[in-house]
Amino acid sequence: MLHKQSEEENTMKTGYDILNDPFLNKGTAFTQAERKKLGLVGILPPHVQTIEEQARQVYKRYSDKPTRLEKRRFLMQIFDTNRTLFYYVCGRHIAEIMPIIYDPVIAENIEQYSELFVNPQNAVYLSIDARDNVEEALKNGAAGRDIRLIVVSDAEEILGIGDWGTNGVDISVGKLMVYTAAAGIDPQSVLPVILDCGTNRKELSADPLYLGNRHERVSGDAYYAFIDKFVQTAETLFPKLYLHFEDFGRNNAANILNKYNTTYPVFNDDIQGTGIITLAGILGGLRISGEKLTDQIYMCFGAGTAGAGIAKRIYMEMIRQGLTPEEAKKHFYLVDKQGLLFEDTPGLTPEQAFFVRKRSEFDRADKLTDLEAAVRSVKPTILVGTSTVPGAFTESIVRCMASYAKRPFIFPLSNPTKLAEAKAADLIEWTDGRGLIATGIPAAPVTYKGVTYEIGQANNALVYPGLGLGVMAAEAKLLTAEMISAAAHSLGGIVDTKQPGAAVLPPVTKLAEFSHTVAVAVVKCAVKTGMAGKNVTDADAVVNDLKWYPAYE
């Protein structure tokens with residue numbers, strides 16, 4: 001499906017208005033007839049290029065940029081002027097460009113967003129200090145477009161870099177880029193939104209160039225009233241909306257998701273997305289090892305929003321595979337900065353409290369104050385890191401796991417690169433090639449004792465685009481646990497178990513292919529469970545019908 005521009009809109013714009021509209025602009029690809037009709041004669045160079053010629057030129061200039069950040073900023077210039085060309089280039093170099101337009105390079109850009117601000121990139125900036133403007137702002141941002149997908153953030157906990165206020169709008173823009181590049185979501189149907197509730201980063205609010213609210217974050221009832229104002233207004237304005245929450249703080253994320261997930265099709269990537277991709281990686285690894293999920297002992301280091309969310313997703317899958325809730329809970333251990341979490345650990349969130357242990361289970365519970373002590377006592381077979389503590393998975397810890405686990409699952413998921421709990425090459429060596437590894441950042445293949453090990457990237461980008469495409473294609477009433485499980489199983493089932501050193505997750509180079517696979521599985525599940533909002537007889541067909549392809553009209 002191509003952009004659906006109305007005839008009235010097309011005829012209204014001519015000349016520079018066309019060239020300044022990233023959804024309509026074709027640059028040097030406008031034919032001579034189009035130039036005559038649209039008032040472009042003489043304001044473009046005479047040679048007419050194909051989109052392939054333009055793409056080669058863009059990629060050459062991109063490749064010449066000396067740093068990753070400069071590469072991203074150059075691509076953003078293309079994004080701001082010609083969305084079709086931008087996504088055409090992305091689609092042909094998806095594995096290379098994905099970490100440039102999103103994680104990990106986007107973190108660097110967020111830190112300098114205000115200083116480098118040039119173009120709002122069709123984003124909507126909502127201020128808690130101007131709550132009466134929410135409807136007007138959303139209407140202005142949509143500009144008559146049929147919005148089907150919003151990514152919204154309040155930027156309290158961006159990736160591993162924390163609170164960045166209005167600068168965090170880049171995370172919403174970047175997520176939507178991945179939705180389109182991976183799953184073919186029409187870029188005209190998406191809207192990035194930032195909720196500026198203030199910032200607690202003092203150096204940010206003191207920066208004379210900072211473009212956001214210069215006060216501490218608003219919390220409590222006023223904060224939740226602002227969130228509700230946004231959600232209710234967006235759902236009213238855009239009745240087929242799929243709403244994606246991103247990088248909210250650990251004290252708010254679950255509250256917000258739980259408030260709306262039984263009323264609207266909503267998704268929180270930190271709580272649900274990371275859980276889905278981690279579950280998919282574990283399922284893929286189990287296909288390689290031949291073991292059962294219900295025989296695994298799960299430990300997470302870093303029990304924040306993502307860590308607790310992942311644990312809950314694996315827990316629910318164990319129940320789906322036959323364990324009672326009481327039996328399943330015995331398989332889980334959460335470790336945070338205090339050490340293993342117990343019933344009497346101060347300051348527990350509700351999500352952490354669900355998985356706490358009793359001190360009476362251990363002979364020396366008071367000694368379990370760090371990760372290594374917990375690993376040696378519990379002997380987990382799965383170790384997942386969402387701690388943002390660099391190098392936390394030490395050689396001693398990993399060799400300990402390898403001493404008792406036939407195929408230890410070790411997933412250092414923290415990002416960006418500088419915050420990862422371990423390097424893939426070290427994990428392969430320390431487990432003598434037996435480790436089933438997934439990382440949160442792209443990792444090169446590792447050759448060890450003559451075998452090349454492909455490293456799965458447990459990046460949410462591998463699952464959330466297909467999940468969203470499936471929800472939108474089915475016009476699902478809600479996003480349910482069953483649909484999430486279907487997405488994880490469809491992704492975990494792509495693993496090539498016959499290949500020595502096979503990755504536990506499929507490669508980013510096939511992102512478009514398995515995004516389609518995930519979407520179809522989600523549509524089928526929505527239909528089966530009565531969640532589809534329209535009649536669906538062919539899941540593959542409804543997914544294909546919704547897709548947009550980067551080609552000039």
Side-chain angles (χ1 to χ4, degrees), residues 1-6 138-139 141-152 172 175-176 178-193 230-246 256-269 272-273 276 460 463-491 512 514-549:
M1 182 179 73
L2 299 177
H3 289 315
K4 292 184 177 179
Q5 292 278 347
S6 69
L138 289 173
K139 285 180 176 178
R145 296 180 286 133
D146 179 19
I147 301 301
R148 297 290 307 276
L149 169 64
I150 286 177
V151 173
V152 60
S172 297
K175 281 283 182 181
L176 289 170
V178 178
Y179 267 109
T180 297
I185 305 297
D186 187 343
Q188 281 213 97
S189 69
V190 308
L191 191 64
V193 175
F230 159 70
V231 172
Q232 301 299 344
T233 304
E235 293 290 347
T236 300
L237 291 175
F238 315 120
K240 292 184 179 181
L241 180 65
Y242 178 59
L243 183 54
H244 173 139
F245 295 107
E246 184 69 27
I256 293 168
L257 179 65
N258 293 337
K259 179 171 182 177
Y260 299 108
N261 66 1
T262 58
T263 307
Y264 304 115
V266 299
F267 173 72
N268 183 300
D269 194 36
Q272 296 167 293
I276 300 168
N460 299 11
V463 67
Y464 71 77
L467 180 69
L469 176 61
V471 170
M472 288 184 279
E475 295 182 11
K477 303 167 191 174
L478 301 172
L479 172 60
T480 64
E482 291 82 3
M483 292 157 70
I484 288 172
S485 180
H489 277 273
S490 69
L491 193 59
F514 56 71
S515 290
H516 183 92
T517 300
V518 169
V520 170
V522 170
V523 171
K524 288 179 177 178
C525 182
V527 171
K528 181 179 178 181
T529 58
M531 279 292 134
K534 66 180 183 182
N535 183 42
V536 177
T537 57
D538 185 335
D540 192 73
V542 297
V543 169
N544 276 323
D545 285 347
L546 188 62
K547 281 187 182 179
W548 171 83
Y549 298 93

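Values in this document were obtained by computation on a predicted structure and should not be read as measured data.
- Considering CZ of Phe230 and CD of Glu235, their distance stands at 8.5 Å, rounded to 0.5 Å.
- A donor-acceptor pair shorter than 3.5 Å can be found between the side chains of Gln232 and Tyr264.
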Checklist line | Evaluation steps, side chain to side chain contact (heavy atoms under 4.5 Å, CB included), between Tyr179 and His244 | finding: CA-CA 11 Å; Tyr179 267 109; His244 173 139; 2.8 Å; yes
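- Here the shortest heavy-atom pairing between Ala183 and Leu469 reads O-CD2, 3.4 Å.
- Summarising the geometry, atom CZ belonging to Arg145 is positioned 9.0 Å from atom CG belonging to Asp186; distances are rounded to the nearest 0.5 Å.
- Take Thr233 and apply the side chain to side chain contact (heavy atoms under 4.5 Å, CB included) test, not counting sequence neighbours, and it matches Val134, Glu135, Leu138, Lys229, Leu237.
- For the pair Ala474 and Ala526, the tightest heavy-atom approach, listed with the atom from each and the gap, is CB-CB, 4.1 Å.
- For Lys259, the salt bridge (Lys or Arg N to Asp or Glu O under 4.0 Å) partners are Asp228, not counting sequence neighbours.
- Here the straight-line distance linking atom CE of Met531 with atom CG of Leu478 works out to 5.0 Å at 0.5 Å rounding.
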Next item on the list: Begin with the C-alpha distance, continue with both residues' side-chain angles, and end with the deciding distance and a verdict on side chain to side chain contact (heavy atoms under 4.5 Å, CB included) for Leu257 and Val266.
Entry: CA-CA 7 Å; Leu257 179 65; Val266 299; 4.0 Å; yes
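- Counting all heavy atoms, side chain and backbone alike, Leu191 lies closest to Gly141 at CD1-O, 3.6 Å.
- Counting only heavy atoms from C-beta outward, the side chains of Pro192 and Val151 never approach each other to under 4.5 Å.
- For Lys477, the salt bridge (Lys or Arg N to Asp or Glu O under 4.0 Å) criterion is met by no residue, not counting sequence neighbours.
- The two atoms that bring Gly470 and Val523 nearest to each other are O-CG2, 3.4 Å, heavy atoms only.
- Of the inter-residue distances, the one linking Leu241 atom CG with Ser189 atom OG reads 10.0 Å to the nearest 0.5 angstrom.
- A pairwise comparison of heavy atoms in Leu467 and Val518 identifies N-CG1, 3.6 Å as the closest pair.
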Note to self: Set out, in order, the CA-CA distance, both residues' side-chain angles and the distance that settles side chain to side chain contact (heavy atoms under 4.5 Å, CB included) for Lys175 and Asp269, then state yes or no.
What the structure shows: CA-CA 10 Å; Lys175 281 283 182 181; Asp269 194 36; 2.3 Å; yes
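- In the displayed structure, Lys534 atom NZ is contacted under 6.0 Å by more than 12 heavy atoms of other residues, nucleotides or ligands.
- Listed for the Ser485 side chain is no donor-acceptor partner under 3.5 Å among the backbone atoms of Ala481.
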Next item on the list: Let me see the working for Glu246 and Tyr464 under side chain to side chain donor-acceptor pair (under 3.5 Å), right down to the final yes or no.
Entry: CA-CA 12 Å; Glu246 184 69 27; Tyr464 71 77; over 6 Å; no
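- The backbone N or O of Lys240 sits less than 3.5 Å from a side-chain atom of Arg148, completing a donor-acceptor pair.
- For the pair Met483 and Lys524, the minimum side-chain heavy-atom distance is 4.5 Å or more.
- In this structure, the separation between CG on Leu243 and CG on Leu479 is 11.5 Å, given to the nearest 0.5 Å.
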Check: Could you walk me through whether Asp540 and His516 pass the side chain to side chain donor-acceptor pair (under 3.5 Å) check?
Finding: CA-CA 8 Å; Asp540 192 73; His516 183 92; 2.6 Å; yes
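- Within the 4.5 Å cutoff, the side chain of Phe238 has no heavy atoms near those of the Leu149 side chain.
- Remark: side-chain polar atoms of Ser490 are paired, donor with acceptor, to backbone N or O of Ala487 under 3.5 angstrom.
- Here CE of Met472 is found 6.0 Å from CG of Leu546. Values are rounded to the nearest 0.5 Å.
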Next item on the list: Step by step, work out the side chain to side chain contact (heavy atoms under 4.5 Å, CB included) result for Val231 and Phe245.
Entry: CA-CA 11 Å; Val231 172; Phe245 295 107; 4.2 Å; yes
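- Between Val463 and Gly273 the shortest heavy-atom distance is CG1-O, 4.0 Å.
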